[in-house]
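What follows is a set of notes on a single structure, which appears directly below.
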Amino acid sequence: MTDAFFTCRKNVLLAKSPSTQIEGVFAATRGRSVPEEQEALLQQWLEEGVENLPASESVPAVRKVSVTLPSDWLEGSELLMTSLSDLNTSPEVTRCADQQLSELNALASSELQDHAVAELARLPAEETVTVGGSAPWAAVVPQTDHQTAGCAGINVEVLNDDPAVLAWSLGCDAETVPPVLPARPIQDAVPFYPVPTEVPYHEILWRDWEDLSVQPCVLEEVSKNTPLFEFRVMSYNILAQDLVEQGLDLYVHCHPDILNWNYRLPNLLQEIQHWDPDVLCLQEVQENHYWEQLEPTFKEMGFACFYKRRTGTKTDGCAVCYKHSRFQLISLSPIEYFRPGLDILNRDNVGLVLLLQPVLPEGLGLKAVSPLCVANTHVLFNPRRGDIKLAQVALLLAEIDKIARTTEGSYYPVILCGDLNSVPDSPLYKFIRNGELSYHGMPAWKVVSGQEDFSQQLYSRKLLAPLWPSSLGVTDKCQYVTLCQPKKLGRREYSRDFLLQFRFCDVACERPPQLVLLEGVTDAKPVASAREHSAVTAIPKRHNSLSFLGKQCSGVIQHGLNLTSVYSHFLPQRGRPEVTTMPMGLGATVDYIFYSAEPVESKAGECRRLYKDGALKLLGRLSLLSEDVLLMANGLPNPFCPSDHLCLLASFGLEISRL
């Protein structure tokens, strides 16, 4: 009778996967008996199971099994994640009582057939299961004169009364329910086994906290008694409800109630409250949900919040929240990637860049800590338009370069969060991490995302240099043109009126020998005419523009932020890659937290840049899951995970120095 099951409908549950070796114990619908068609199906299943048994192991026919629910069952979001703090303790599952278990195991022995029949006759007609904190379920097991044709009771103590955690809920009640079947003898005893209890969701999806503070670089700082300003950063794509309703085909594996915003919102807030981040970067935040629900709740939790909606007709955007008790805002820079008239930047994605000043606790004396630059973005999804993704990331890096650059030309520590819609082995990921990408002639689908393989297409779009026009004002080093030119030390500044006094001197009237002779442009001598004077002074600007285009035509872009990923993107214990989302049942990593680090000199010919922690140290992270684990939980979202992405969480430490 293995692999047979009977699943009853519940108000807010997914269809459950089959459990094996279920004999005579079934869940029930709320407060009513099993419908006739379900009883007929059950009767048919029992009869087919008997027919498949050998003649020596046949059991009598059973007419009906009546299952009732003696008390009400909780509904709504209380069914899920009643307390995330409860998840810190693994559930204790106790099978049968030792005496009953030994008696049932004895049934499997052919040498003790007669004894088993006599002992089973002494077992109670109804077996019970207790679920801590939930309404009891009562299940009636069919009887015979000499033994009970059913399975032994299971005592399960689970901290969470979520029916998603208890896929097969068995019940108990202080009162016994009279049996509905007449006693029938059986010729030979059949071995019975305890009903297997489905592993709870919070065991399947258990995520460990990885303590990285024992790394040598961190221990070295501890040994020097260097104090650290510790804080947590979370990045989370929370799945905008409008996008769910526009793409229901992507979530056919989900029960409709799981996708309901009123169901997902409490779980999202409870998850954020449980992990208690100091900086929160959210993507796919629906505008009306942000202003009406999320921002008021976050403010009650002590956050200062900033939001940027996508341009055009899109209804979602990005949000960055930080605890005002831990940080103060220095500057805020929202980014719109849409540029009218540019095909390379014609999409409505956005980003946010903040410069925050950590707030040190009182009593540290004359101490200081560096400002922190936090960036959050959600780039284009389209796997075929890697050129747009690359241009969007270049704009974001240029904004970070402007906000995080110090007066000395170095950078404040940077944390970059977001959904980049690109996998870890994609060129875009390597560009962010290694600081350089040669894109000229590369297929657009391959350049950034790596999400899909379009190599079989005959006419795939290829990237050509320059990737964007000079009018965008961004160089090939992902810097704004107005900021990338270094100031010459010792250079004096003069007023315009002072310099105009020398416009007709002998030196000004001589044409430099290295200046290209252009008829009507560089062959004219300066005169008092304002027109000719303006024509001469316009030549250097034109030359700078041509020089910039020459650099862009190389087909190589760079940045100097020295960013590395919080996650390694591989689970060594399981030998599988990490995943952050499950589109169409396929696991992928597209969400990231990058942070500033110091590059380490690598061996000659090694293309991967190596890093070590600098002023910003990675102290810990919340582990991710593999694809096979998420498949066991029916993908994303599910009753335990309210979004189609997993949240990313990391703990950092900033060095505190003396003034």
Side-chain angles (χ1 to χ4, degrees), residues 80-81 84 87 205 207 209 231-244 258-259 261 263-287 289-290 293-295 297-299 301-310 316-323 349-352 354 374-379 381 415-422 565-567 569 578-583 587-595 620-625 630 633 635-652:
L80 300 179
M81 299 174 62
L84 266 175
L87 302 186
L205 302 177
R207 299 175 64 182
W209 178 258
F231 60 97
R232 283 187 174 188
V233 177
M234 174 182 282
S235 180
Y236 203 171
N237 183 325
I238 63 173
L239 182 58
Q241 191 65 24
D242 283 349
L243 299 181
V244 172
I258 299 297
L259 300 175
W261 174 249
Y263 176 84
R264 296 195 298 119
L265 176 61
N267 296 325
L268 284 168
L269 295 176
Q270 199 168 25
E271 186 173 9
I272 293 172
Q273 188 175 18
H274 172 74
W275 295 119
D276 192 25
D278 300 296
V279 179
L280 180 61
C281 296
L282 301 178
Q283 305 89 39
E284 289 194 21
V285 183
Q286 193 164 306
E287 185 177 27
H289 292 161
Y290 173 80
Q293 297 171 313
L294 293 175
E295 187 197 40
T297 305
F298 289 153
K299 285 187 175 180
M301 296 167 61
F303 286 100
C305 307
F306 297 92
Y307 178 75
K308 177 60 181 176
R309 185 180 66 86
R310 285 205 284 170
D316 66 289
C318 296
V320 176
C321 312
Y322 62 88
K323 288 190 175 178
N349 303 84
V350 295
L352 282 168
L354 284 72
V374 177
N376 180 30
T377 190
H378 187 187
V379 303
F381 168 77
I415 294 178
L416 169 58
C417 302
D419 181 350
L420 303 183
N421 278 315
S422 305
S565 175
V566 164
Y567 290 90
H569 315 304
E578 299 172 333
V579 299
T580 64
T581 185
M582 289 278 291
T589 293
V590 297
D591 305 277
Y592 302 94
I593 299 179
F594 292 98
Y595 71 102
R621 64 193 176 199
L622 183 62
S623 65
L624 290 171
L625 302 173
L630 290 175
L636 294 172
N638 57 53
F640 193 78
C641 300
S643 174
D644 59 348
H645 291 247
L646 296 176
C647 70
L648 278 61
L649 183 71
S651 176
F652 295 97

- Item | Partner set under salt bridge (charged side-chain N to carboxylate O under 4.0 Å, His left out) for R309, not counting sequence neighbours | E287
- Message: List the residues meeting salt bridge (charged side-chain N to carboxylate O under 4.0 Å, His left out) with E295, not counting sequence neighbours, and say none if there are none.
- Response: K299
Say whether, by atom type as modelled, one donor and one acceptor occur between the side chain of [X] and the main chain of [Y] under 3.5 angstrom.
| X | Y | answer |
| --- | --- | --- |
| Y567 | D591 | no |
| T589 | E578 | yes |
| Q241 | L259 | yes |
| N267 | R264 | no |

What are the two closest non-hydrogen atoms of [X] and [Y], and how far apart are they?
| X | Y | answer |
| --- | --- | --- |
| L649 | I593 | N-CD1, 4.3 Å |
| L352 | C318 | CD1-O, 3.7 Å |
| Q283 | G418 | NE2-CA, 3.7 Å |
| N376 | C281 | CG-CB, 3.6 Å |
| P277 | M234 | CB-CB, 3.8 Å |
| S643 | L636 | O-CB, 3.8 Å |

- Give the C-alpha distance, both sets of side-chain angles, the deciding distance and a yes or no for side-chain contact (heavy atoms from CB on, under 4.5 Å) between L648 and C417. CA-CA 9 Å; L648 278 61; C417 302; over 6 Å; no
- Message: Determine whether V350 and H378 satisfy the following criterion, side-chain contact (heavy atoms from CB on, under 4.5 Å), listing intermediate values before the conclusion.
- Response: CA-CA 7 Å; V350 295; H378 187 187; over 6 Å; no
Point-to-point distance, once rounded to the nearest 0.5 Å, from [atom1] of [X] to [atom2] of [Y]:
| X | Y | atom1 | atom2 | value |
| --- | --- | --- | --- | --- |
| K308 | T377 | NZ | OG1 | 12.0 Å |
| L265 | T297 | CG | OG1 | 7.0 Å |
| T580 | D419 | OG1 | CG | 7.0 Å |
| L630 | T581 | CG | OG1 | 9.0 Å |
| L269 | F298 | CG | CZ | 6.0 Å |
| L268 | L239 | CG | CG | 8.5 Å |

A side-chain contact here means heavy atoms from C-beta on lying under 4.5 Å apart; do [X] and [Y] qualify?
| X | Y | answer |
| --- | --- | --- |
| Y595 | V566 | yes |
| L354 | F306 | yes |
| E271 | F640 | no |

- Task: Can you label the angle between the H289 ring and the W261 ring as parallel, tilted or perpendicular, going by 30° and 60°?
- Result: parallel
- Query: Parallel, tilted or perpendicular for Y307 and Y290, by the 30°/60° rule?
  - Reply: parallel
- Task: Just grab all the salt bridge (Lys or Arg N to Asp or Glu O under 4.0 Å) pairs involving residues 272-283, residues at least two apart or on different chains.
- Result: D276-K323, D278-R326
- Item | Worked check of side-chain contact (heavy atoms from CB on, under 4.5 Å) between L625 and R207 | CA-CA 7 Å; L625 302 173; R207 299 175 64 182; 3.9 Å; yes
- Message: One pair to check against side-chain contact (heavy atoms from CB on, under 4.5 Å): V285 and L294. What are the steps and the verdict?
- Response: CA-CA 9 Å; V285 183; L294 293 175; 3.6 Å; yes
